[in-house]
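Here is the structure we will look at, set down as structure tokens.
So you know, we letter chains A, B, ... as the sequences are listed, proteins then strands, and number each from 1. Because the structure is a prediction, the values reported are computed rather than measured.
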Amino acid sequence: MSALSPQPYKGTRDYYPEEKRIQNYIFSVWKKVSESFGYEDYGAPVLEPLDIYTAKSGQELATEQTYTFVDRGGRTVAIRPEMTPTVSRMVAARRQELSYPARLYSIANFMRYERPQRGREREFWQLNVDIFGDDSVSAEAEIIILADGIMKAFGANPEDYVIKINNRKLINFMMAQYLGLDAVQAQFMVKLFDRKGKISHQDFIDQATEIFGEQAEVGLPKINQLLNATSMADLPEEIRDSSSVSEVQDLFTLLERADVKSLVFDITLMRGLDYYTGMVFEVFDTNPENNRSLFGGGRYDGLVSLFGSESISAVGMAPGGTTFENFLDVHGLIPKLKSSTDIYMSSLGDTSREASKLAREFREKGMNVELDLSGRKLDRQIKIAIKKNIPYILFIGEEEISSGVYTLRDIANSNEYKLNFSDIIKLFTEIDKEKK
RNA sequence: GCGAAUGUAGCUCACUUGGUUAGAGCGCCGGGUUGUGGUUCCGGAGGUAGUGGGUUCAAUCCCCAUCAUUCGCCCCA
């Protein structure tokens, strides 16, 4: 038998402590910001019946990108490729007892059978933030303010990213009433708008002409006018007067009042998932090196009712872990992260017994202590503590044992302090407080 | 699912127009007389050249397949 491969399964990744530290940091910021808005953590199964995705997630996602299998009882099961159907199912199941608006968030892993590339893996982690049972524009504003709050919490500047906003109802109105397209044509046009940034203007016009067919002569000037619109004021009158536009306008007012910068109205923003029914938004990285969509979300009012209950409105969004890490990396926003270990304890000479006892006593006081009993040269031990990003090293030698006063070295600035047991505990209690 | 590029030590990469024991830097381990780091000096470990097959007297180098990674399409976190 040949040796097993140490590589992780295609499109998945291993998180060694340094990488896990970054992931934990991202998760902790997501958690902090979500909870600061009153959202509560929930969990859900990794497996779901395939049906819940086929209905509304979009053809490709459900049929080609989902890991599915038939279980021993003959049920067709999917590994979740996203959270929205699951959380909708959960809300439907408890629709009577939840207090509305219900604010829920989760940080969970998902799998999609896709070709991996930068920022796209087969297994990925994402934050899901959803608000249920609030039809108002203020719910939409809250989700976007939260998204903006997350960006700010990571230290991003308003010019590092842009929040593009559109509305599905407006899109539908534009396609049907304004451009006069039938359902099939509209579907193609939506796809075309989606690709606008990736193809040349000429290609865009050519493909639009094809979609219009005989209506091209009337349609093309209208398309041009739409593409030139950088704000709602630039929209043609027929559209500007529709009710969905005033909805978008209200949303912008709320967002500006909440000091959300980086806002842009973008009539070409579509978003692929089929379940969106109103506002849609997407956060883009403005750095040319990483010019891509970071995450997005929107309103999906029809999903909960699929599970047999009366309809409950919903707005949500979902930032992905790896995408975010790339963003932070490109913008130099990943901080130097310390180890979860507080102290690297170095036992020198014949002190292993006393050092072990002392380590135990520190741990009982809630400190994280790694004990080095290897007897290696001291400079090696210090280097190891540095490499592991442990902030302090404590030297335990025969002299220290007999005096009860230990040498604590702050690795960041090389300062050394002579402290006894309770001084050290006191010091770390204060450090802990500062962290909070 | 489609198109393209890449694959040599833990990492970043060289060399070989196909010809004896495949190199460097960083990292790792050990040492520079017995308790102080991100310097310096010395020594050491580590590679069946992604994997399998073919061409050849001979392949890491050429050809094919396969796997993986990266970029683009598609789609999206």
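Here the side chain of Arg271(A) is nearest to one of G37(B), A77(B), G72(B), namely A77(B). Nearest nucleotide to the side chain of Pro116(A), out of G35(B), U69(B), C75(B): U69(B). Proximity note for Arg376(A) (side chain, C-beta onward) versus U70(B), U36(B), G30(B): the nearest is G30(B).
Taking a centre distance below 5.5 Å and an interplanar angle below 30 degrees as the stacking criterion, Phe124(A) stacks against the six-membered base ring of A77(B).
Look at Lys191(A) and you'll find a side-chain N or O under 4.0 angstrom from OP1 or OP2 of C75(B). Taking side-chain N and O atoms only, Lys383(A) has no distance below 4.0 Å to OP1 or OP2 of G38(B). Put simply, Gln117(A) has a side-chain N or O that comes within less than 4.0 Å of OP1 or OP2 on G72(B). A sub-4.0 Å separation between OP1 or OP2 of G30(B) and a side-chain N or O of Lys377(A) is absent.
As rounded to whole Å, 14 Å separates atom C1' of G37(B) from atom CG of Asn415(A). When the P atom of U36(B) is taken as reference, atom CG of Asp379(A) falls 8 Å away, rounded to whole Å. One atom, CD1 of Ile386(A), and another, P of C28(B), lie 11 Å apart when rounded to the nearest Å. The separation between Met317(A) atom CE and C76(B) atom P is 19 Å, rounded to whole Å. In this entry the distance linking NZ of Lys196(A) with P of C73(B) reads 16 Å, nearest Å. Rounded to an integer number of Å, the gap from CE of Met270(A) to P of C76(B) is 12 Å. The CZ atom of Arg80(A) sits 18 Å away from the C1' atom of C76(B) (whole-angstrom rounding). Atom pair Ile199(A):CD1 and G72(B):C1' shows a separation of 15 Å (rounding to whole Å applied).
For residues 106-150 of chain A, the pairs satisfying ring pair (Phe, Tyr, Trp, His ring centres under 6.0 Å) are Phe27(A)-Trp125(A), Tyr67(A)-Tyr113(A), Phe110(A)-Phe124(A), with sequence neighbours left out. Listed by first and then second residue, the side-chain hydrogen bond (donor to acceptor under 3.5 Å, both in side chains) pairs involving residues 139-152 of chain A are Tyr39(A)-Glu142(A), Arg103(A)-Glu142(A), Glu140(A)-Arg299(A), Asp148(A)-Lys152(A), Asp148(A)-Tyr161(A) (not counting sequence neighbours).
Among the heavy atoms of the strands lying under 4.0 Å from Gly119(A) is at least one base atom, whether or not backbone atoms are also near. Residue contacts shown for Phe395(A) include a base, since a base heavy atom lies under 4.0 Å away. Here Arg112(A) lies in heavy-atom contact (under 4.0 Å) with a base. Nucleic acid contact class of Glu400(A) (heavy atoms, under 4.0 Å, all strands): base. Within the nucleic acid shown, Ile393(A) has no heavy atom closer than 4.0 Å to any nucleic acid atom. Among the protein residues, Glu114(A) comes within range of the nucleic acid bases, having at least one heavy atom under 4.0 Å from a base atom. Gly297(A) comes within 4.0 angstrom of no nucleic acid atom, judged by non-hydrogen atoms across all strands. As judged by a 4.0 angstrom heavy-atom cut-off over every strand, Arg195(A) is placed among residues touching the sugar-phosphate backbone only.
For the P atoms, the distance from C29(B) to G10(B) is 15 Å, rounded to whole Å. Across the C1' atoms, U6(B) and C13(B) are found 14 Å apart, a figure rounded to whole Å.
The side-chain hydrogen bond (donor to acceptor under 3.5 Å, both in side chains) check on Lys32(A) picks up nothing, with sequence neighbours excluded. Every residue two or more places apart in sequence or in another chain that forms a side-chain hydrogen bond (donor to acceptor under 3.5 Å, both in side chains) with Ser374(A) is listed here: Asp372(A), Arg376(A).
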For this session: Applying side-chain hydrogen bond (donor to acceptor under 3.5 Å, both in side chains), run through Asp350(A) and Ser352(A) and close with a yes or a no.
Result: CA-CA 6 Å; Asp350(A) 188 20; Ser352(A) 61; 4.9 Å; no

For this session: Could you summarise the pairing of RNA chain B as dot-bracket text, marking Watson-Crick and G-U pairs under 3.5 Å with ( ) or [ ] inside the strand and | across strands?
Result: (((((((..((((.....[...)))).((((.........)))).....(((((..]....))))))))))))....

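Between Phe281(A) and Phe295(A), the ring-plane angle classifies as perpendicular under the 30° and 60° cut-offs. The aromatic rings of Phe154(A) and Tyr25(A) sit perpendicular to each other, their planes meeting at more than 60°, with 30° as the lower class boundary. Note on ring orientation: taking the six-membered ring where Trp is involved, the planes of Phe204(A) and Phe193(A) are tilted (angle from 30° to 60°).
Tyr178(A) carries Lys222(A) over the face of its six-membered ring, with the cationic atom under 6.0 Å from the centre and within 45° of the normal. Under the 6.0 Å distance and 45° angle rule, Lys164(A) counts as a cation-pi partner of Phe284(A).
Counting heavy-atom neighbours within 6.0 Å of Gln187(A) CD, excluding the residue itself, gives a total of 12 or less.
Between the side chain of Arg409(A) and the base of U36(B), at least one donor-acceptor pair of N or O atoms lies under 3.5 Å. The base of U36(B) sits within donor-acceptor range of the side chain of Glu416(A), with an N or O pair under 3.5 Å.
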Show me the protein contacts with nucleotides 1-3 of chain B, counting only N or O atoms at under 3.5 Å.
residue, atom, partner, partner atom, Å
C2(B), N4, Arg115(A), NH1, 2.7

